[in-house]
There are 2 protein chains.
Amino acid sequence: MATTDRQLVEQWRSIQDAYFRTSCAIDRALEAKFDIGLNEFEILDLVAESSETACRMKALGERTPMTQSAVSKVVDRLERAGLLARHSCADDRRSLFLELTDAGRALHKQAAVEHRAVLKENLS
Amino acid sequence: MATTDRQLVEQWRSIQDAYFRTSCAIDRALEAKFDIGLNEFEILDLVAESSETACRMKALGERTPMTQSAVSKVVDRLERAGLLARHSCADDRRSLFLELTDAGRALHKQAAVEHRAVLKENLS
DNA sequence: TCAAGCTATATGACACGTCATTCAATGACA
DNA sequence: TGTCATTGAATGACGTGTCATATAGCTTGA
């Protein structure tokens, strides 16, 4: 009972610790080298990953813990930074279809290497 | 190489997922039942845990990933809510010594039960 | 004992996330 | 086809976290 609770809390703290250490490390590295944060990278990564299918915005919302409005704002920033473009979708004019620009694709390629490297350093 | 990267990313995603699911669940539960957030609870928990020693503020900063200024603000809110009090420290008048109020202690006791319960539901 | 530096905390500006709301487009059904 | 509900996305108000700084108290050494 008490020991179970203790173990639970221990387990939770270790998850928190791994999460904070790693996400801060990624964030700092990406911020320093590419001037984008972790969430920006995650979106770039998702878009890069699924460069086939259309109508992304919606899909992104489903693949990330971020809110729809958060996604919208991250995409704003990426678009302003010239890394990503919104295209309207022919078959459903409410939907938007996202695509990396050349700059975005290039940056993502480098950032992904960095990202994996930081993961390697920080995860068991 | 590629497979290692893939595994790394998988591992990272699973940590992220566990972290988000669990922290959101705790946050919602505490927010709904006790009107405090996760960080507020963590601070209450830390203070409750070490109710012996003095000059807490500093010590808290070392036991949490939060920034010193974040801790200061969380303590502000807890103090405003009447759950916690700052006492000045006799031997070093820069330091502050934190103490749960009766209300704080009572709330922490209940909230801790809830906290452990949510952990149990969300962790393997 | 006084200056210079260090330490503990608070505060203000700012970035970013959430929630609630809005708006346009779509679907469904009479 | 016209109305009503629903869906995809954007926006504004707001809370909370971070960084840089301010402030007060402590310490050290001449």
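Worth knowing before you read on, the calculation uses all heavy atoms, side chains too, and leaves out hydrogens, waters and symmetry mates. By convention in this document, chain letters (A, B, ...) are assigned in the order of the sequence lines, proteins followed by strands, and residues within each chain are numbered from 1.
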- Task: Evaluate side-chain contact (heavy atoms from CB on, under 4.5 Å) for A:I15 paired with B:L123, printing each intermediate quantity in order.
- Result: CA-CA 10 Å; A:I15 291 175; B:L123 300 182; 3.7 Å; yes

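Between the side chains of B:R56 and B:S50, at least one donor N or O lies within less than 3.5 Å of an accepting N or O.
In this structure, B:M57 atom CE and C:dT11 atom P are separated by 11 Å, rounded to whole Å. A straight line from CG of B:D76 to P of C:dA8 spans 19 Å, rounded to a whole angstrom.
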- Heavy-atom protein contacts under 4.0 Å, nucleotides 14-24 of chain C, coded B base, S sugar-phosphate only, - none: --SSBB-----

Could you pull out the protein-nucleic contacts involving nucleotides 1-3 of chain C (nitrogen or oxygen on both sides, under 3.5 Å)?
none

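Between A:D92 and B:R86, the residue anchored closer to the 5' end of DNA chain C is B:R86, taking for each the nucleotide with the nearest heavy atom.
The ring-ring contact (aromatic ring centres under 6.0 Å, His included) analysis of residues 63-82 of chain B, with sequence neighbours excluded, yields no pairs. Residue pairs meeting the salt bridge (Lys or Arg N to Asp or Glu O under 4.0 Å) criterion with at least one member in residues 59-71 of chain B, sequence neighbours excluded, are B:K58-B:E62. Within the structure, no pair that satisfies the salt bridge (Lys or Arg N to Asp or Glu O under 4.0 Å) test touches residues 99-109 of chain B, not counting sequence neighbours.
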Let me have the donor-acceptor pairs involving side chains of residues 33-42 of chain A, under 3.5 Å, with sequence neighbours excluded, atom names and distances please.
{"from": "A:K33", "atom 1": "NZ", "to": "A:E114", "atom 2": "OE1", "distance (Å)": "3.2"}
{"from": "A:K33", "atom 1": "NZ", "to": "A:E114", "atom 2": "OE2", "distance (Å)": "3.4"}
{"from": "A:E40", "atom 1": "OE1", "to": "A:G37", "atom 2": "N", "distance (Å)": "3.3"}
{"from": "A:E40", "atom 1": "OE2", "to": "A:R77", "atom 2": "NH1", "distance (Å)": "2.3"}
{"from": "A:E42", "atom 1": "OE2", "to": "B:Q16", "atom 2": "NE2", "distance (Å)": "2.8"}

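Among residues two or more places apart in sequence or in another chain, the side chain to side chain donor-acceptor pair (under 3.5 Å) test is passed with A:H115 by none. Partners of A:A48 under the side-chain contact (heavy atoms from CB on, under 4.5 Å) rule, at least two apart in sequence or in another chain, are A:L100, A:H108. In this structure A:A117 satisfies the side-chain contact (heavy atoms from CB on, under 4.5 Å) test with no other residue, sequence neighbours excluded. Scanning for side-chain contact (heavy atoms from CB on, under 4.5 Å) contacts around A:D17 gives A:R21, with sequence neighbours left out.
Atom CG of B:L96 is separated from atom CG of B:L98 by 7.0 Å, given to the nearest 0.5 angstrom.
Less than 4.0 Å separates DNA chain C from no heavy atom of any residue of residues 12-27 of chain A.
Once you apply a 4.0 Å limit to the heavy atoms of chain B, the touched nucleotides of DNA chain D run 5' to 3' over D:dT16 to D:dC26.
Ring geometry for A:F20 versus B:Y19: interplanar angle over 60°, hence perpendicular rather than tilted (30 to 60°).
Contact check for A:T101 versus A:L84: no side-chain heavy atoms found under the 4.5 Å cut-off.
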